[in-house]
Amino acid sequence: MAIDEKDVLHVARLARLDIAPDRIEPMVRYFQDIIGHFRTLEKCDTDGIDPFEESGSHLCPLRDDEPKAWDSVLEALEEAPLREGRFFKVPAIGGGGDPDALS
Amino acid sequence: MMPLSFETVIGLEVHVQLATESKLFCSCPTAYIGSEPNTNVCPACLGLPGSLPSLNRRALELGVKAALALNCSINCMTKFHRKNYFYPDLPKAFQVSQYDVPLAVSGSMPIFLEGKVKNINITRLHLEEDAGKLIHETADGRLSGAAFSLVDYNRAGVPLAEIVSEPELSSPEEAREYVLMIRRLVRYLEVSDGDMESGSLRVDANISQKCSDGRWGSRVEIKNVNSLRAMERALEYETIRQRGLLLKGEEIVQETRHWDDNSGVTRSSRGKEEAHDYRYFPEPDLPQIAVERTLVENVRESLPEPPWKKREKFAREWRLSPADSASLSENLDVAVFLENVAASGADRQMAANWVKTDILRVLNETGLAVGDLQVGPEGLASLLAHVEKGSLSNTAAKDVLDIMLKKGIAVDDAMKEAGVKAGGVSRESLLGVVAKVLGENAAETALLFSGEDTSGKKRKFLQGLIMREIRGQAAPEDVSAMIDRVLDEMKG
């Protein structure tokens with residue numbers, strides 16, 4: 001799959017990243033390198049192996065439904081770049097709510 | 001040319017918050033309503049580096065419970081995926097959800113509308129985590145155009161079951177009945193409180209139009225419907241909008257639209273097609289989940305009869321009216337209470353009447369649950385036994401029930417307290433009272449005597465006076481018969 005500028009800008013938009021114009025071209029090359037690496041991986045014979053085979057055969061352990069409070073919440077809040085009272089504070093995206101949250 | 005006709009096609013995604021004590025992937029308490037912001041959070045639900053998810057067994061059980069009640073097949077091996085999108089209500093920048101192997105698939109559920117039953121197929125039920133809450137603010141407190149948003153992650157990670165229907169609903173009314181049945185079901189199962197107002201039940205609606213000329217308009221997803229009324233209005237609006245476009249020969253844009261409840265319109269959300277690029281991939285921090293057969297069987301054994309079965313039973317076997325069958329099957333505890341009244345020997349119809357009028361009234365007035373009442377099903381049945389035998393009139397029985405409900409005493413004690421005796425007044429004393437009342441109300445009696453009381457109003461008036469005199473301790477038909485007897489005697 002050939003990667004071009006359009007793909008890079010598309011991914012940047014999804015990730016809500018601004019990319020300086022002079023960074024676009026190198027990004028295209030990084031993308032191509034990464035995808036090239038996967039082309040190498042594709043040479044492995046994976047016939048008969050589930051696409052999402054996991055290493056080992058362990059299953060997901062289940063936890064009992066017992067609520068426990070975490071005692072370091074304030075520290076986490078203090079680490080936030082911006083906050084207001086007990087709220088984390090973030091720059092508003094588009095000045096409104098996410099139209100696509102939790103579809 | 002034949003005028004064009006349309007068929008509305010609706011599919012619903014219902015998100016149900018599961019009634020667990022702790023979150024889906026961490027032990028933080030789920031109580032987010034009324035809690036101080038960011039109190040019920042931890043490294044896992046804040047998405048801090050190095051934290052790992054740990055699946056809540058209860059959430060899995062509740063998901064299985066809802067799925068079994070919806071007649072779904074459970075996938076014995078299931079797994080979680082990451083659904084990637086960047087928004088501050090999602091601290092990890094992805095939502096842990098399910099993708100190609102959901103917890104359950106292929107179910108169905110009946111809905112009732114205008115005397116008909118329609119079966120709606122359920123595509124899938126999967127588990128996922130809820131997002132946090134954003135508050136958009138400006139310096140002067142206005143919401144729009146805010147420079148910053150405040151984030152509260154108390155809700156982030158609360159378990160949700162998403163129930164997806166096939167596109168088989170054909171009107172806003174059917175959609176409403178479907179959501180009501182889901183709500184009834186999750187309440188029966190105690191899987192969720194199903195409260196739309198507080199957001200523990202949320203709906204996204206997909207709607208399209210099939211045109212008689214063979215065109216099929218693209219599907220539009222409607223979000224932000226926060227009440228049943230909003231959902232119905234949004235679907236009605238969208239039906240008209242889409243049909244209008246098709247009539248003009250225009251295309252429907254496949255998109256997500258937001259319901260604006262104040263203006264009563266749906267609006268396009270920009271950039272949706274890109275945001276749909278969620279780049280799902282398997283959650284590497286959670287191995288596959290084995291849904292063990294013993295877990296499934298234990299849950300299956302705990303299932304109550306679903307609301308639609310109760311309703312059909314009341315209608316078909318008990319021969320109750322459709323309205324009574326519906327209202328008496330609305331709440332599981334009330335339905336079971338009624339069944340137990342009948343199981344304790346009361347006539348089904350009579351038990352239904354008493355539960356519907358007297359028990360439901362008390363529940364509405366007091367806000368109590370049926371289990372909190374001072375009168376159990378056996379108590380009500382023993383009272384109804386008196387009514388059935390004719391030894392207590394309806395009026396007297398209602399007084400007795402009031403005392404039983406207030407004082408929590410048995411029917412015999414309550415009757416003593418109410419000053420009524422089983423068997424009511426003797427025929428002799430009833431005769432005396434009737435003769436006395438008729439004598440005291442000569443004008444009305446004369447009209448009865450001459451047959452001029454064609455509307456029966458005077459008879460009702462006199463009967464009421466007699467009933468009051470005997471404190472309701474005789475059946476109305478006995479009183480009526482006694483009036484006829486006294487009138488006959490007058491005629492000689």
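Proteins get letters first, then strands, A, B, ... in listed order; numbering begins at 1 in each.
Between the side chain of Arg58(B) and the backbone N or O of Asp65(A), no donor-acceptor pair lies under 3.5 Å. Arg63(A) contributes a side-chain N or O that, together with a main-chain N or O of Leu24(B), makes up a donor-acceptor pair within less than 3.5 Å.
Applying the side chain to side chain donor-acceptor pair (under 3.5 Å) definition to pairs two or more places apart or across chains, those involving residues 24-38 of chain B are Gln17(B)-Tyr32(B).
Counting heavy-atom neighbours within 6.0 Å of Tyr99(B) OH, excluding the residue itself, gives a total of 12 or less. No more than 12 heavy-atom neighbours from other residues, nucleotides or ligands sit within 6.0 angstrom of CZ on Arg219(B). By the 6.0 Å contact criterion, CD on Glu75(A) is open, its count of non-hydrogen atoms from other residues, nucleotides or ligands being 12 or less. The neighbour count for Asp33(A) CG, taken as heavy atoms of other residues, nucleotides or ligands under 6.0 Å away, is above 12.
Contacts of Phe25(B) with chain A are made by backbone atoms alone, with heavy-atom separations under 4.5 Å and no side-chain atom involved. With a 4.5 angstrom heavy-atom cutoff, Val90(A) touches chain B via backbone and side-chain atoms both. With a 4.5 Å cut-off on non-hydrogen atoms, Pro284(B) does not touch chain A at all. Contact annotation for Leu74(A): neither backbone nor side-chain heavy atoms come within less than 4.5 Å of a heavy atom of chain B.
Salt-bridge annotation for Arg57(B) and Asp64(A): present, with a side-chain N of the basic residue lying under 4.0 Å from a carboxylate O of the acidic one.
Counting heavy-atom pairs closer than 4.5 Å to chain B, the top-ranked of the candidates Ser72(A), Ala76(A), Gly85(A), Cys60(A) is Cys60(A). Interface summary for chain A: among Asn56(B), Leu46(B), Ile289(B), Val41(B), the most heavy-atom pairs under 4.5 angstrom belong to Asn56(B). For chain A, the option among Thr39(B), Leu60(B), Asn40(B), Leu48(B) with the highest count of heavy-atom pairs below 4.5 Å is Thr39(B).
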- Task: Check step by step if side chain to side chain contact (heavy atoms under 4.5 Å, CB included) holds for Leu59(A) and Met77(B).
- Result: CA-CA 10 Å; Leu59(A) 292 167; Met77(B) 287 298 264; 3.5 Å; yes
- Message: Run Phe87(A) and Ile135(B) through side chain to side chain contact (heavy atoms under 4.5 Å, CB included) and show every step you take.
- Response: CA-CA 9 Å; Phe87(A) 285 105; Ile135(B) 296 161; 3.6 Å; yes
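Scanning both residues, Pro29(B) and Lys68(A), for their nearest heavy atoms gives CD-O, 3.7 Å.
Arg23(A) is linked by a salt bridge (Lys or Arg N to Asp or Glu O under 4.0 Å) to nothing, counting only residues two or more places apart in sequence or in another chain.
To the nearest 0.5 angstrom, Trp70(A) atom CH2 is 9.0 Å from Cys45(B) atom SG. Going from atom CZ of Arg83(A) over to atom CG of Leu150(B) covers 12.5 Å, rounded to the nearest 0.5 Å.
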